[in-house]
Each structure stands twice: as structure tokens, then as C-alpha cells.
Amino acid sequence: MKTSLYQEFYKFSHKKITWVAPMLLLGYMALWIAYPMTRLMTMMTYDSSDAINLIVIIVGSTMFSMEFQNNTILTLIYKSSSKPTVYFNKFITIFVYDVLLHALSLAFTIVIALTIRPVAWMKVYRYNQPLIINMLSTTGIDVLTSVLIISLVFVISTMINSNAVVITASMAVVFFGEAISTDFMNLDSSLAYLFKWNPFNMTLLTLQYSNYPLYHETTLLTNLQISLGALAYMLTFLGVGYLIFRKKRF
């Protein structure tokens with residue numbers, strides 16, 4: 001497994017998008033430097049969440065769908081010890097990349113805070129915690145949110161071989177999740193308790209932590225509830241994606 005995982009990392013590191021995406025992330029974050037609410041932007045690492053979600057959708061979808069389209073998945077499975085190894089090596093690779101993107105956004109935010117937009121790190125901000133704790137907590141929470149999205153991308157990628165369709169479907173779920181979730185809960189007010197546990201609601205985890213009063217009205221869940229829901233759906237999607245991949249005929 002170590003050899004195949006190394007090969008997956010090696011292959012991933014030689015893709016242009018792997019190195020271009022972080023530059024795009026920094027460029028996107030730089031657009032928010034002039035935003036007046038400095039502490040909020042610091043807590044949210046200059047809205048890096050949206051950019052990272054977009055990156056993992058594009059990168060994650062290509063890990064399966066492009067190989068399905070080019071039939072290179074057959075060679076990969078033949079050389080690997082098992083299908084589970086192929087599937088979970090890809091997940092580990094994109095997970096590590098996701099963590100690195102979050103580390104980069106943290107580092108860039110700290111640089112901004114030390115130069116262009118200074119902040120008082122130890123001053124209490126949200127949840128009666130110092131700003132630096134808010135920032136680190138938001139980053140950790142966003143890792144969970146993005147991994148949820150990665151697991152969803154894996155499900156769609158194993159079902160559909162078209163890279164363009166996978167990217168479009170994944171982006172629709174992530175960026176229109178709030179509207180989809182709201183529509184679900186408006187179908188029948190008597191079932192609102194059940195509908196609020198829909199998976200689209202869980203994609204709002206990072207936004208709710210950053211602005212609880214506003215997004216709690218939409219999700220109707222506490223931060224803890226939505227975090228547990230995101231974790232449960234992440235494991236479910238990852239498992240469903242694996243089952244589809246295992247039974248898929250190549």
C-alpha cells in the first residue's frame with residue numbers, strides 16, 4: 001500500500017493544477033484584504049473556504065473521472081493490491097492536499113495580520129474566545145466541511161465518468177446547498193425537524209461557525225449538531241463511494 005500511495009502522491013504532484021491552485025487561492029484571498037471587517041476576515045482566513053472548496057471539487061473529481069474517461073484506472077487497479085487500496089489512496093492524497101491548502105491560508109492570513117491589516121490576536125472576539133482561537137477553530141471546522149465535500153465528490157465521481165458533469169454537480173451541491181436545504185425544510189413544516197438533518201445543511205458548517213446568529217436561522221441546528229451531522233455524512237458518503245467503486249465494472 002505504501003508503494004501505491006507514494007505513486008499516487010507522485011502522480012498528483014506532477015499535475016499542473018496541483019501547483020496552480022494554491023496561487024489562485026492566494027489571489028482570491030488577496031481580494032478580501034480591503035474588506036473593512038478585519039477581525040471577521042482574519043477569523044475566516046479571508047474567505048479561503050470558498051476557494052478551497054472549489055479547488056477540492058475540481059481536483060477531487062479529476063482523480064476518478066479523468067481516469068475513467070482515459071481508461072487509466074484499469075492499469076492502476078491491475079498494479080495495485082486491491083480496489084480498496086486504489087480508492088482510499090486517492091482519498092488520502094486529496095485529504096493531505098486539503099490540509100496543506102488550509103495551512104497555506106493560515107500562513108497567508110498571519111502574514112497579512114503582521115503587515116497590511118494588523119489585529120489584536122488575544123482580544124476576545126466570537127464565542128468569548130481570543131481571535132487566534134477563533135481563526136484556528138474555523139480552520140479546523142472548515143477542514144471537516146471540505147472533507148465532507150470531498151467524500152460527496154467521490155460518490156459522484158464513482159457514479160459518473162464525465163469530469164465536466166461531476167464538477168458541475170458537485171459545485172451545484174456546495175454553492176447552492178443553502179437554497180436546496182431551505183427548500184427541503186419548506187416542503188412541510190411538520191417535518192422540519194427531519195428535513196434540517198439533510199446533507200445540504202451540513203455544507204454550511206463553516207459559515208455557521210463564523211456567523212452563528214444568521215446561519216442558525218437557516219440550518220436550525222447548533223454548531224455541535226451540524227458538526228456531528230457533517231462527520232456522519234462524510235463517513236456515509238465515503239463508504240457509499242467505496243461500495244460503488246468496488247462493484248463498478250471497468
Side-chain angles (χ1 to χ4, degrees), residues 28 40 43-45 47-65 91 94-95 98-99 101-102 105 137-160 162-245:
Y28 177 81
L40 177 61
M43 177 181 177
M44 298 179 64
T45 55
D47 201 37
S48 62
S49 176
D50 284 343
I52 291 176
N53 287 341
L54 181 59
I55 290 170
V56 297
I57 286 173
I58 295 174
V59 175
S61 64
T62 59
M63 297 190 76
F64 275 117
S65 53
F91 175 76
I94 191 65
F95 171 73
D98 177 50
V99 171
L101 289 175
H102 280 90
S105 67
S137 298
T138 303
T139 300
I141 286 171
D142 194 55
V143 169
L144 176 57
T145 305
S146 58
V147 172
L148 168 62
I149 292 168
I150 291 170
S151 66
L152 179 59
V153 169
F154 271 38
V155 171
I156 300 174
S157 295
T158 53
M159 293 175 61
I160 306 171
S162 172
N163 187 45
V165 173
V166 172
I167 292 176
T168 302
S170 300
M171 289 178 63
V173 169
V174 173
F175 294 104
F176 295 101
E178 180 178 352
I180 297 172
S181 178
T182 301
D183 288 341
F184 264 123
M185 289 187 285
N186 287 337
L187 289 176
D188 188 339
S189 58
S190 64
L191 296 177
Y193 177 80
L194 293 177
F195 285 140
K196 69 182 180 181
W197 291 99
N198 74 80
F200 305 107
N201 231 3
M202 308 308 156
T203 63
L204 301 177
L205 174 58
T206 303
L207 291 174
Q208 173 158 308
Y209 182 79
S210 302
N211 197 336
Y212 186 84
L214 176 62
Y215 283 93
H216 177 63
E217 293 181 0
T218 299
T219 66
L220 303 180
L221 296 171
T222 65
N223 287 340
L224 178 59
Q225 288 174 325
I226 201 170
S227 296
L228 293 174
L231 180 60
Y233 276 115
M234 182 268 290
L235 294 174
T236 300
F237 289 149
L238 192 60
V240 171
Y242 166 67
L243 291 176
I244 296 173
F245 181 72

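Note that the numbering runs from 1 along the sequence shown for the chain. Hydrogens, waters and symmetry mates are skipped; everything else that's a heavy atom, side chains included, is used. Fair warning: this is a prediction, and the values are worked out from it, not measured in the lab.
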What residues, two or more places apart in sequence or in another chain, satisfy side chain to side chain donor-acceptor pair (under 3.5 Å) together with [X]?
X: Asn53; value: none
X: Asp47; value: Tyr28
X: Ser49; value: Asp142
X: Ser151; value: none

Nearest 0.5 Å, please: how far is [atom2] in [Y] from [atom1] in [X]?
X: Ser146; Y: Asp98; atom1: OG; atom2: CG; answer: 3.0 Å
X: Asn211; Y: Met44; atom1: CG; atom2: CE; answer: 8.0 Å
X: Leu220; Y: Asn201; atom1: CG; atom2: CG; answer: 7.0 Å
X: Tyr215; Y: Leu221; atom1: OH; atom2: CG; answer: 15.0 Å
X: Thr45; Y: His102; atom1: OG1; atom2: NE2; answer: 7.0 Å
X: Thr145; Y: Leu231; atom1: OG1; atom2: CG; answer: 11.5 Å

What's the shortest heavy-atom distance between [X] and [Y], and which atoms?
X: Met202; Y: Lys196; result: CE-O, 4.0 Å
X: Ser105; Y: Ile52; result: OG-CD1, 4.3 Å
X: Leu40; Y: Ser210; result: CD1-O, 4.0 Å
X: Ser61; Y: Ser157; result: CA-OG, 3.6 Å
X: Phe237; Y: Val155; result: O-CG2, 2.9 Å
X: Ser227; Y: Leu144; result: O-CD2, 3.7 Å

Validation row: Val143, Val147 side chains within 4.5 angstrom (heavy atoms):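 Contact flag for Val143/Val147 side chains = yes.
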
Close side-chain approach of Val59 and Ile94, heavy atoms under 4.5 Å: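 In short, these two side chains touch, coming nearer than 4.5 Å.
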
By ring-ring contact (aromatic ring centres under 6.0 Å, His included) - contacts of Phe154 (at least two apart):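 Partners of Phe154 by the ring-ring contact (aromatic ring centres under 6.0 Å, His included) criterion, ordered by chain and then number, come out as Phe64, Tyr87.
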
Set of ring-ring contact (aromatic ring centres under 6.0 Å, His included) partners for Phe95, sequence neighbours left out: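 So Phe95 forms no ring-ring contact (aromatic ring centres under 6.0 Å, His included) with any residue.
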
